[in-house]
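Since the structure comes first, as structure tokens, the remarks are kept for the end.
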Number of protein chains: 2
Amino acid sequence: MVRRLDDRATWLVGRAHLRSHRLLHEAFAEAGARPYHYRVLAALEESGPLSQADLGRLTDLDRSDVTTSLDALGRSGLTVREPDPAHRRRNRVSITEAGRAELLRLDAVLSGVQDRFLGPLSEPERVVFLDLAARLAGDGAPGGPGRSG
Amino acid sequence: MVRRLDDRATWLVGRAHLRSHRLLHEAFAEAGARPYHYRVLAALEESGPLSQADLGRLTDLDRSDVTTSLDALGRSGLTVREPDPAHRRRNRVSITEAGRAELLRLDAVLSGVQDRFLGPLSEPERVVFLDLAARLAGDGAPGGPGRSG
DNA sequence: CCTGATTGTTGGTCCGACCAACATTACATG
DNA sequence: CATGTAATGTTGGTCGGACCAACAATCAGG
């Protein structure tokens, strides 16, 4: 207990995130998955086939991390990379049927995690928290809206 | 924008933490300090001389991370390690005058970060958020309340 | 055509959060 | 007292997440 920390928003958010992250990581590990992979699967399922660059922008992943995630997901048959006929440098990434099934499975896992994470709050409090947290999340970009690099 | 993520508490907390962490890290780096070091200085100033193990428990740092933090802080003359006369295996760590001054300086930096981080919220909203976040932070221990190891 | 951006990949870095092992020392209990 | 168990500080790692730089290939605009 360090008083100087205990009322700092950055500290509290950090500790909350630590707990959230541990719950999430643990649950996903048990399910044989990883958070990055879930992000990718979710984006593909919701937006249809995408280039890796677009995938990165949607999921807030670096291009290089998209690459390695797709390597793993592809190895498990959850996604497919094909060359984009219109842009030969671009890949067209899609989710497979197995990927959709996996996503559903992970959706359930994630929901369980939410419940455990939000356990300390009542229903109305959860609603308030989600709103405030979303506003504090902002766009996260250091250089104002619409990062380009 | 991945809808499946945008209403998940874990995602929101993660993004909020990312923004918080970037602000904090940036500001501290500019001030020539690091978050771990601030934690240590704060604990020492508030609790007086401590063993490294106690320091770790107070700040939620691993013993090994306390060691390396104290190496750096000691090199800068902000803390002092002396052998504890009562327990020869134990070190008695204290903050120096320079350390106190540095802590004050970093307090100001931290306060600035809080303001920027909480910018999107009104004053009353901030109060609510701090309360909810503190409850979600819990004690962070994986094995139930009251970790002992 | 040439320049500048974009794409995917490789191979890193950095920080925070751990963990294991070890020698040393303290402590509880037989 | 002896003996085992716990705690301390240090070293040397691991892992995940979030990056960054550089490169070759390709596209898009002037």
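Protein chains get the first letters and strands the later ones, always in sequence-line order, with residue 1 at the start of each.
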| What's the CZ-P distance between A:R88 and C:dT9, to the nearest Å? | 16 Å

| query | Can you tell me if CD on A:E82 sees more than 12 non-hydrogen neighbours from other groups inside 6.0 Å? | reply | yes

| note | In whole angstroms, the gap separating P of D:dC20 from CG of A:L61 amounts to 14 Å

| A:R22 CZ to C:dG16 P: how many Å, rounded? | 16 Å

| task | Considering only NZ, NE, NH1 and NH2 on the basic side and carboxylate oxygens on the acidic side, decide whether B:D62 and B:R57 come within less than 4.0 Å. | result | no

| task | Figure out the CD/P separation between A:E26 and C:dA17, and round it to whole Å. | result | 17 Å

| query | Is there a chain of hydrophobic side chains (I, L, V, M, F, W, Y, each step under 4.5 Å between heavy atoms) that links A:V80 to A:I95? | reply | no

| task | Look at the side chain of B:R89 and decide which nucleotide, out of D:dG16, C:dA26, C:dT25, has an atom nearest to it. | result | C:dT25

| said: Rounded to whole Å, how long is the line connecting atom CG of B:L18 with atom C1' of D:dA18? | reply: 7 Å

| query | Which of these nucleotides, D:dT11, D:dG17, C:dA17, is closest to any side-chain atom of B:D65? | reply | C:dA17

| With B:Y38, the side-chain contact (heavy atoms from CB on, under 4.5 Å) member among B:L24, B:L106, B:T59 | B:L106

| remark: Under a 4.0 Å heavy-atom cutoff, the residues of residues 41-55 of chain B touching DNA chain D are B:S51, B:Q52, B:A53

| query | Between A:P35 and B:R90, who's closer to the 5' end of DNA chain D by nearest nucleotide? | reply | B:R90

| Which listed nucleotide (D:dG17, C:dC15, C:dT9) is nearest to the side chain of B:H21? | C:dC15

| query | DNA chain C: A:G14 or A:V66, which has the more 5' nearest nucleotide? | reply | A:V66

| query | Taking atom types as modelled, is there a side-chain donor on A:S111 or A:Q114 under 3.5 Å from an acceptor on the other? | reply | no

| note | From the candidates D:dT8, C:dT10, C:dC15, the one with an atom nearest any side-chain atom of A:D71 is C:dT10

| task | In whole angstrom, give the distance that lies between atom NE2 of B:H25 and atom P of C:dT13. | result | 16 Å

| remark: Ranking C:dT7, C:dT25, D:dA18 by distance to the side chain of A:R63, first place goes to C:dT7

| request: Among D:dG17, C:dA17, D:dC27, find the nucleotide with the atom closest to the side chain of A:R39. | output: D:dG17

| said: Please report the distance, rounded to the nearest Å, between CG in B:D60 and C1' in C:dC18. | reply: 11 Å

| message | By nearest atom, which of the nucleotides C:dG8, D:dG16, C:dA17 is closest to the A:T67 side chain? | response | C:dG8

| request: Just call it for B:D62: base, sugar-phosphate, or nothing, with non-hydrogen atoms closer than 4.0 Å on any strand. | output: base

| message | Nearest 0.5 Å, please: how far is CZ in A:R22 from CZ in A:F117? | response | 12.0 Å

| CG of A:L24 versus P of D:dG16: gap in Å, rounded? | 13 Å

| query | In Å and rounded to the nearest 0.5 Å, what is the CG to CZ distance from A:L18 to A:R15? | reply | 5.0 Å

